[in-house]
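Chain letters run A, B, ... following the sequence lines, proteins first, then strands; residues in each count from 1.
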Amino acid sequence: MPMDPMDAIRTTFFIECDELLAQLEEGLMAMEEGSADSETINSVFRAVHSVKGGGGAFGLDPLVRFSHVFETLLDQIRSSQVEPTEAVVATLLRAADMLADHVSAARDGGGVDEARSEQIAAAIMSHTIGGSATGAYEPEPAEIEGIDFKPQMISLDLPAAEPAADFDISALLASAAAEPAGEAVANDEEGGWVVHFAPHASLYAKANDSALVLRELASLGEAVITVNDEALPTLDEMDPAGAYLGWTVRLPGSVPEDDIRDAFAFVDEDCDLEITREGGAQAGPDIAALLAGAADPAPSVDEPVDLLSSLLQGAVEAPAAAPVAVAAPPAPDKPFNLMDLAPHVDELTQSAPSAPAPQQAANAPPAPPPPQTIRVDLDRVDRLINLVGELVINQAMLAQRVMESGAGKATDVNLALTDLELLTRGIQDSVMAIRAQPVKSVFQRMPRLVREVGEATGKRVKLVTEGEGTEVDKTVVEKLSDPITHMIRNAIDHGLETPAEREAAGKSAEGVVRLTAAHRSGRIVIEVSDDGRGVDRVRVKAKAIEKGLITADAQMTDEEIDNLIFAPGFSTAASVSDISGRGVGMDVVKRSVQALGGRITIISTPGQGSRFSLSLPLTLAVLDGMVVTVGDQTLVAPLTTIIESLKPRAGDVRPLGPNNFVLKIRDAFVPLIDTGAALGFGKSKFDPTEGVALLVESEVAGQVALMVDHIQGQRQVVIKSLETNYRPTDGVAAATILGDGRVALILDIDGLVTAHRKAPPRADTLAMTG
Amino acid sequence: MSLTILAVDDSRTIREMLGHTLRQAGYQVITAEDGVHGLEVLQTERPDVIVTDINMPRLDGFGFIEAVRAEGASRTTPILVLTTESEPEKKARARAAGATGWIVKPFDPVKLVEAIRRVAA
């Protein structure tokens, strides 16, 4: 369905806002680092300016008001009236955060924290010269400005020889046409208007046109226009860029004065203008008197002539069309109506020799072309990715057929097939690269978070980011934001000490949080590290015992204790603080990361800090899987969930109730699930000792063993959505197509466990001892 | 024949909005994203009216107007300045650079078309 154009533009506006806010943040960060060069400041200014401009167009008043205040200060910094000191930049950063809030509120229809907005606006104004006086924003009416008229002498520094020939032709036309006007003016009791208008050459130089101004006046009411051509020199003295004619326009008294002035809005500084009301009603105008009056603003008549002599050389090309225009006889009996002349003006303009155009604007600075980009519908890219997925599968099938046909490795068919495989992989990588985006968009949101969390906890934090250009699939980028946010919150809230504690420990008062991204063996690794106190293992262990996650006498390595913070329901904060106490612990982070096929680990050194490491696949379109056989079906288990695989011995499997079994692995028992039965392939004879157990990590029930018949091997598979192509199915995350053309289901471990055990219990494996 | 308007603005939003408003009014619209781009466009296009923003990267509105007025086929083309700057000195500077007229943002479609009509022959 076609979108309403204004809605589409609104969408564009908010997309652009995101870009502008990023540009703003980036510029302010650079200023914070001390690079206050004019280009940085200008780009910061433009960002806020454009947000305000677009906001104004959509009538987003709170946004516009705030950005106006913001912009005022930036403008003063730009013009070096205000020094961008540390304090000023800190205020600007807070203002940028607030502006982002305003944009979100405008987009999503919510409100903003008005008290905070006011407070930040006040902070901005305290740095602004003129303070609140300049800061107060009054929405301006959308209007054409320029009512305040001041008569002005013509300036003589005009560019030489402006070939504004057509303007003078129309002037001449008007001159020829206007003579006999007079009788028809309808005067009111108020007395008609008399407008004396004498353009300067500068009026034409700015591409304004007397004829258009006169047309505007004529549209206001019945106008009587007379020309004053006293200053017109002889043709051979005429400068094509000069201005020699003036006009007197008589309008009915009923025309509002503002409308008349408005007609001159663009030209009032480039002409002599006098608007007067005739005293009392008169039968008819005295043309001679008017003409004499028109001659009064003498400077306009004299100076162009002076100008003329200095510019005479340029006049040689005076248009031949001019005499023709003078000779054209107008209809003499009727009041002059300028509109009638419009067609003639056009004709003449076209026949007039056009100015010899210099090759082109040679002084335009050559700028490096920006990198060429196109915007493409995501759907199209997805379609392409899908097709390439099919191609990969098709290529695998072909390879399998060829192998089955018994063709030798060195045969032409197999060599060509190897080339095809390389090409296919190349296409797949290239297509994936289309969707790849730098993680920058996520990283950019973090400075604000760090500022806010630092402020709320009273800690001084410096955020260092690295590798923000690292690219990863768009869908992955979008899902990075939450885990990174939580890891950073956690690092500041739990990891970093207060400034006093830090100083006592011989560290600098300012804590450092590092956020880095890098590609490592086909995955993206995001690390969040801090130089704080590290995991307090004694407290973590005590807490885990208190929460019943481990037994009091459990022997655990440091690493195992550190990893307890990922256990469901674990929270070490003694008091539920404003920052971490939002019901979201690291367990939630771990779960969402695993849902993406990722892993999260922590390394901690007491007194020196912790490092969270998050590893994710580069794309959600391809999965590293373990291909297994269950009955006559081939299934794929996501490799990231698998801890180990083993062959159960008879004595290790124990029944638990009538239908369930547990498997003893070393000193713990884990639930043993018959994969085939859980997915409903019929209940074949269940003999665990004949199959292979996959020990997997599930979120709902900790470690679980899945029984399968055989393991075929590890393989990268192209993910096909089952939901889109069939319907959502419990225990199955997606499907893929194997080399032999058969569909294989990709297991959803959590779904499978939930389906198997209706009531999800606590993770009891850790607590269970042999 | 409908008139062609060149709209120069670094904001995609404003460009789209100008394009939409002006097309609705029956004009043909070409756009450029800053002054440098605007001058490039003018090497091949001959718009009847130019509408330009002031604050733009690479080459701002003042510079753009000066360059257009300096030489080239478009030097007699009316130029309307479209900007939120309503301060008198900005307007005076645009005028000195050779702007034909101006419109204060946020623009009202009627006023925009009116201003174009006013400067277009």
Check the pair B/His20, A/Ile9 against side chain to side chain contact (heavy atoms under 4.5 Å, CB included), reporting the backbone distance first and the verdict last.
CA-CA 9 Å; B/His20 174 67; A/Ile9 297 172; 3.8 Å; yes
Region of B/Leu80 in contact with chain A, defined by heavy-atom distances below 4.5 Å
side chain
If we only count heavy atoms from C-beta on, is the B/Arg12 to A/Ile15 side-chain gap below 4.5 Å?
yes
Partner set under side chain to side chain contact (heavy atoms under 4.5 Å, CB included) for B/Ser11, not counting sequence neighbours
A/Glu16, A/Ser50, B/Asp9, B/Thr13, B/Ile14
Where A/Asn208 and B/Thr100 come nearest, the two heavy atoms and their spacing:
ND2-O, 2.9 Å
Tell me, side chain or backbone of B/Asp10 under 4.5 Å from chain A's heavy atoms, or both, or neither?
both
A/Arg46 backbone acceptor or donor facing B/Asn55 side chain under 3.5 Å
no
Working for side chain to side chain contact (heavy atoms under 4.5 Å, CB included), residues B/Arg117 and A/Arg215
CA-CA 11 Å; B/Arg117 197 190 53 77; A/Arg215 181 179 76 184; 4.2 Å; yes
Can you tell me how far the CG atom of A/Asn42 sits from the CZ atom of B/Arg58, to the nearest 0.5 Å?
15.0 Å
Can you tell me which portion of B/Thr77 sits under 4.5 Å from chain A's heavy atoms? Options are side chain, backbone, both or neither.
backbone
Can you tell which of A/Arg10, A/Glu19, A/Glu39 has the highest number of heavy-atom pairs within less than 4.5 Å of chain B?
A/Glu19
Among residues at least two apart in sequence or on other chains, which ones pass ring pair (Phe, Tyr, Trp, His ring centres under 6.0 Å) with B/Tyr27?
none
